[in-house]
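Everything numeric here is computed off the predicted structure, so don't read it as measured data. The chain is numbered in sequence order, starting from 1.
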Amino acid sequence: QGSTLGLAPNGRVALRELIAGAATDVVDLNALLQENGVPTSSEHDGLMLGWWQLRDGLLDILRASDQITFHLGYVLQSMEDTEEG
């Protein structure tokens, strides 16, 4: 039915860096992670959460940002692989 995402402390830092300045005043990613995540270890500050929870949180940040443009629903009909060089 779903997969679990393990998020180590360095992954949390990377997420903060990726979304820096992108509507973080509207969506608090740390609060989202703490609210939905299950601690993996008290000494390492890692979290387990459903991949969809992180996806939905990041999507909320993208939607609230005026600095990021994204497009949903593209379908790849065909692809041509050519060998160059």
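- Residue pairs meeting the salt bridge (charged side-chain N to carboxylate O under 4.0 Å, His left out) criterion with at least one member in residues 49-59: none, sequence neighbours excluded.
- Considering only residues two or more places apart in sequence or on other chains, E35 meets the side chain to side chain contact (heavy atoms under 4.5 Å, CB included) condition with none of them.
- With sequence neighbours excluded, no residue forms a side chain to side chain contact (heavy atoms under 4.5 Å, CB included) with S78.
- We find the OG1-CG distance between T4 and L47 to be 12.5 Å, quoted to the nearest 0.5 Å.
- Atom CG of L5 is separated from atom CE of M48 by 10.5 Å, given to the nearest 0.5 angstrom.
- The line from CG of L59 to CG of L54 is 11.0 Å long, rounded to the nearest 0.5 Å.
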